[in-house]
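This one's a predicted model, so the numbers in the text were calculated from it and none came from an experiment. Whatever order the structure lists ligands and atoms in, that order sets their numbers, starting from 1.
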Amino acid sequence: MAEREKRYRAAITATEHFLPERVVTNADLEKLVDTSDEWIRTRTGISERRFLAEDEPTSKMAIAVAEGLLQRRSLTGDDIDLIIVATITPDMIFPATACLVQNAIGASRAWAYDLSAACSGFVFAVATGAQFIESGAHRRVMVIGADKMSTVLDFEDRATCVLFGDGAGGVILERSEDGESGLIDFELYSDGSNVECLNIKGGGSQHPPSHETVDRGLHYIRQEGSVVFKFAVVKMAEVSVSLIERNGFTGADLKLFVPHQANRRIIDAAAQRMGLAPEKVMINIDRCANTTAATIPIALSEAVNEGRLQAGDLLLMTGVGGGLTWGSVLFRWGN
Ligand code: UT7
């Protein structure tokens with residue numbers, strides 16, 4: 001593919017994540033719905049997930065990530081130009097959760113907005129934020145994925161309530177100092193033709209909150225699992241292979257693949273189609289479950305903490321989710 005026009009490369013210069021303290025095991029969920037630890041582990045790869053305290057909102061996790069990012073990079077809020085928060089569980093319909101983060105960290109110069117692309121939210125937000133670095137418009141962009149999925153789970157629906165968790169993760173994007181490391185390329189897609197298979201219908205302008213919408217459970221996430229499963233298996237591999245190949249690489253060139261963590265079987269199938277050795281695939285679904293926009297930045301932050309990325313390494317991050325949406329971003333890791 002022809003090199004996209006850009007003045008600078010957008011590099012990830014800091015990573016951070018936040019996981020709530022409270023651990024909810026599969027055994028805990030066995031007490032709520034007709035399920036089993038065995039079914040959840042073998043069908044999804046999930047053993048446990050974290051839930052945020054009931055009285056704490058998504059911004060609590062996003063702010064913890066933002067503060068950690070500043071600390072890791074020895075920056076203050078004033079150094080940040082733009083904050084993007086990818087979330088489908090904002091504190092309020094508006095203002096954006098990103099504005100709450102902006103205020104909390106004293107990023108008085110920054111503009112801030114939320115991006116809604118469900119499980120693809122983080123890769124969409126990273127690609128978007130990078131444009132402001134590449135064009136020279138901004139020097140530092142904070143990109144956070146944060147979701148408190150426990151607030152939209154129907155604990156009477158075993159098909160969904162066992163799948164999700166709460167969490168947040170994020171990165172700072174800055175101009176690459178060496179001009180080599182940073183975002184190489186991205187490939188992003190949306191297909192709004194199958195809204196029915198994954199959604200939260202209530203609470204918006206189509207079904208404004210009412211006693212009736214609550215009685216019908218329209219404020220909960222609903223999913224046709226097997227439809228989304230088949231779509232995710234195909235698209236996660238397809239977009240990942242397409243992006244690495246059009247940039248002249250193969251799976252063997254990748255150091256780390258950080259996929260959205262929705263189902264261990266989806267990840268394994270994608271990794272197999274890409275010919276990736278297991279040690280190249282970041283997996284934490286067993287401990288964190290599906291935290292929607294937060295899975296990828298949490299997994300990336302954990303990988304960085306474990307020393308799994310060195311300067312020059314190729315990193316691929318891929319999301320698939322509601323919309324439907326899907327896409328990949330390809331980075332060369334910097335110092
Ligand atoms: O992040 C957003 C994108 N989301 C995804 O990528 C998720 C994609 N989908 C999936 O991961 C899988 O489809 C699920 C994990 C949601 C479901 O796995 P599956 O292998 O597709 O199972 P299924 O929905 O076909 O259900 C198989 C059986 C059904 O019983 P019958 O009809 O065969 O008797 C379900 O009722 O498993 C039953 N079942 C459960 N059993 C015990 C569904 N949920 C549960 C449960 N515990 N929690």
Side-chain angles (χ1 to χ4, degrees), residues 24-49 86-89 116-125 145-150 152-169 189-192 194-201 220-240 258-271 273 283-286 288-299 317-328:
V24 177
T25 64
N26 292 345
D28 293 329
L29 295 177
E30 283 176 357
K31 294 173 200 146
L32 298 177
V33 283
D34 178 17
T35 190
S36 67
D37 175 52
E38 209 261 334
W39 191 96
I40 301 170
R41 272 190 295 104
T42 54
R43 294 295 182 115
T44 71
I46 299 166
S47 298
E48 59 186 43
R49 72 286 294 141
T87 184
I88 55 159
T89 51
S116 170
C119 300
S120 308
F122 184 73
V123 289
F124 276 32
D147 271 304
K148 187 182 181 189
M149 296 305 292
S150 59
V152 292
L153 295 180
D154 178 354
F155 287 100
E156 292 183 359
D157 177 14
R158 68 176 182 174
T160 52
C161 75
V162 302
L163 303 175
F164 295 91
D166 302 339
Y189 297 97
S190 298
D191 175 359
N194 202 349
V195 170
E196 287 304 314
C197 71
L198 183 52
N199 58 51
I200 298 173
K201 283 196 169 155
Y220 294 130
I221 189 166
R222 300 291 177 205
Q223 166 169 256
E224 287 175 39
S226 55
V227 176
V228 181
F229 184 90
K230 283 176 202 142
F231 183 87
V233 165
V234 172
K235 293 302 179 187
M236 182 173 276
E238 192 178 274
V239 70
S240 299
V258 181
H260 172 52
Q261 314 275 317
N263 188 314
R264 176 75 199 243
R265 291 183 292 141
I266 295 172
I267 297 171
D268 288 346
R273 285 184 193 204
I283 289 174
N284 64 9
I285 188 170
D286 50 324
C288 304
N290 183 349
T291 55
T292 302
T295 62
I296 293 173
I298 293 171
M317 299 186 274
T318 303
V320 183
L324 296 168
T325 54
W326 68 105
S328 292

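- Here the protein heavy atom with the shortest distance to atom 4 (N) of ligand 1 is Q223 OE1, 3.0 Å.
- The protein heavy atom nearest to atom 17 (C) of ligand 1 is W39 CH2, 3.9 Å.
- Taking CD1 of I221 as the reference point, atom CG of D154 lies at 11.0 Å (rounded to 0.5 Å).
- Protein heavy atom at the shortest distance from atom 11 (O) of ligand 1 is N263 ND2, 2.7 Å.
- For the side chain to side chain donor-acceptor pair (under 3.5 Å) test with R49, the passing option among N290, T25, T291, N26 is N26; the others fail.
- For ligand 1, the atoms closer than 4.0 angstrom to any heavy atom of L163 are 15 (C), 16 (C).
- If you number the atoms of ligand 1 from 1 as listed, the ones under 4.0 Å from a heavy atom of R43 come out as 19 (P), 20 (O), 22 (O), 27 (C).
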Show, in sequence, the C-alpha distance, side-chain angles and deciding distance for T89 and D147, and conclude whether the side chain to side chain donor-acceptor pair (under 3.5 Å) test is met. CA-CA 5 Å; T89 51; D147 271 304; 2.6 Å; yes
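- Shortest contact from atom 24 (O) of ligand 1 to any protein heavy atom: S226 N, 4.7 Å.
- Ranking the protein heavy atoms by distance from atom 2 (C) of ligand 1 puts C119 SG, 3.2 Å first.
- Remark: minimum distance from atom 35 (C) of ligand 1 to any protein heavy atom is reached at R158 NH2, 3.9 Å.
- At the top of the distance list for atom 3 (C) of ligand 1, counting protein heavy atoms only, stands V228 CG1, 3.6 Å.
- Annotation for ligand 1: atoms under 4.0 Å from non-hydrogen atoms of T44 are 15 (C).
- With rounding to the nearest 0.5 Å, the separation of CG in L163 from CD1 in I40 is 8.5 Å.
- One distance of note links CG of L153 with CD of E156; it measures 12.5 Å at 0.5 Å rounding.
- Checking each of V152, T87, I88, D166 against T292 for a side-chain contact (heavy atoms from CB on, under 4.5 Å) leaves exactly one that passes, namely I88.
- Residue-ligand proximity: I266 is placed with a non-hydrogen atom under 4.0 Å from ligand 1.
- Of the heavy atoms in T35, both backbone and side-chain atoms come closer than 4.0 Å to ligand 1.
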